[in-house]
Amino acid sequence: MASNSKQAAHSDVVWAGKPWVVPAAIVRTVTVIVFAVLFLSLEFFSGGASAGLVGLPVWAWTLLVFILIWVVSMLELLVFRASHTYELRQDGLEVKHGILRLHSFVVTPQGFGDLLV
């Protein structure tokens, strides 16, 4: 009976969390803005920005494309955050990932000489 309570204490969750995607979101946002400004400035300097294409000027289409690229990259980060969970336990770190099918694996501290949590 004592071994069961000791085993249950080792499996208690010390910390649970999700991946932090804010730094990646900031980097992707800045990258999209830089490239959008670069493309738009090239269009304006070449004189092709005001040409019409299917009722909208070329600069508006360029802006729409970069907004779409940004939205897709943010959705990718949101799906990554929603599909990954980390649980730190006394006996290791459990990583769960998946939305439709859940995959789980445990990283144990065995084999690490100096581990501090």
Side-chain angles (χ1 to χ4, degrees):
M1 189 72 163
S3 66
N4 282 344
S5 64
K6 188 176 183 180
Q7 188 177 20
H10 284 293
S11 66
D12 290 340
V13 176
V14 175
W15 172 85
K18 296 230 173 239
W20 197 41
V21 296
V22 173
I26 291 171
V27 168
R28 290 179 184 195
T29 300
V30 169
T31 303
V32 168
I33 289 172
V34 166
F35 277 101
V37 167
L38 178 68
F39 273 76
L40 288 170
S41 63
L42 287 174
E43 287 175 357
F44 279 108
F45 286 131
S46 70
S50 61
L53 183 65
V54 191
L56 285 176
V58 172
W59 66 267
W61 286 109
T62 303
L63 196 58
L64 285 173
V65 166
F66 278 102
I67 289 172
L68 181 66
I69 290 170
W70 180 78
V71 167
V72 168
S73 70
M74 291 301 113
L75 282 175
E76 179 189 2
L77 287 176
L78 289 176
V79 167
F80 181 78
R81 180 174 168 76
S83 66
H84 285 72
T85 302
Y86 307 120
E87 290 182 356
L88 181 61
R89 302 176 187 273
Q90 292 295 329
D91 57 351
L93 175 69
E94 182 176 6
V95 179
K96 299 177 184 177
H97 63 92
I99 293 178
L100 298 176
R101 292 183 59 194
L102 183 64
H103 299 279
S104 177
F105 65 93
V106 177
V107 179
T108 61
Q110 295 172 344
F112 292 102
D114 185 20
L115 181 66
L116 178 62
V117 179

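None of the values given here were measured: they were computed from a predicted structure.
Rounding to the nearest 0.5 angstrom, the gap separating the CD1 atom in Ile69 from the CG atom in Leu64 is 11.0 Å. To the nearest 0.5 Å, the span separating OG on Ser83 from CZ on Arg101 amounts to 14.0 Å. Atoms CZ and CD, from Arg81 and Glu76 in turn, are 15.5 Å apart once rounded to the nearest 0.5 Å. In this structure, Ile33 CD1 and Trp70 CH2 are separated by 9.0 Å, a value rounded to the nearest 0.5 Å.
Taking the side chain as every heavy atom from C-beta outward, Val79 and Ile99 approach each other to under 4.5 Å. Arg28 places a side-chain heavy atom less than 4.5 Å from the side chain of Met74.
Between Phe105 and His97, the ring planes are perpendicular. Angles over 60° get that label, and only those under 30° would be called parallel.
Contact record, Leu102 with Gly98: CD1-O, 4.4 Å, taken as the closest heavy-atom pair. The minimum heavy-atom distance linking Ser104 with Glu94 is given by the pair OG-OE2, 2.8 Å. Nearest approach of Ala60 to Leu56, heavy atoms of both residues: CB-CB, 4.3 Å.
Linking Ile, Leu, Val, Met, Phe, Trp and Tyr residues whenever their side-chain heavy atoms come within less than 4.5 Å leaves Val32 and Val27 in two separate clusters. Put simply, Val71 and Leu63 are part of the same group of oily side chains (I, L, V, M, F, W, Y) that touch within less than 4.5 Å, one to the next. Connection of Trp15 to Val106 is not established within any shared hydrophobic cluster, with ILVMFWY side chains joined at heavy-atom distances below 4.5 Å, either directly or through further cluster members. Hydrophobic clustering (side-chain heavy atoms under 4.5 Å, transitive across Ile, Leu, Val, Met, Phe, Trp, Tyr) groups Val22 together with Val30.
Shown here is Phe35, whose CZ atom has no more than 12 heavy atoms of other residues, nucleotides or ligands within 6.0 Å.
Of the residues listed (Trp59, Trp61, Phe39), the one engaging Phe66 in a ring pair (Phe, Tyr, Trp, His ring centres under 6.0 Å) is Phe39, and it is the only one.
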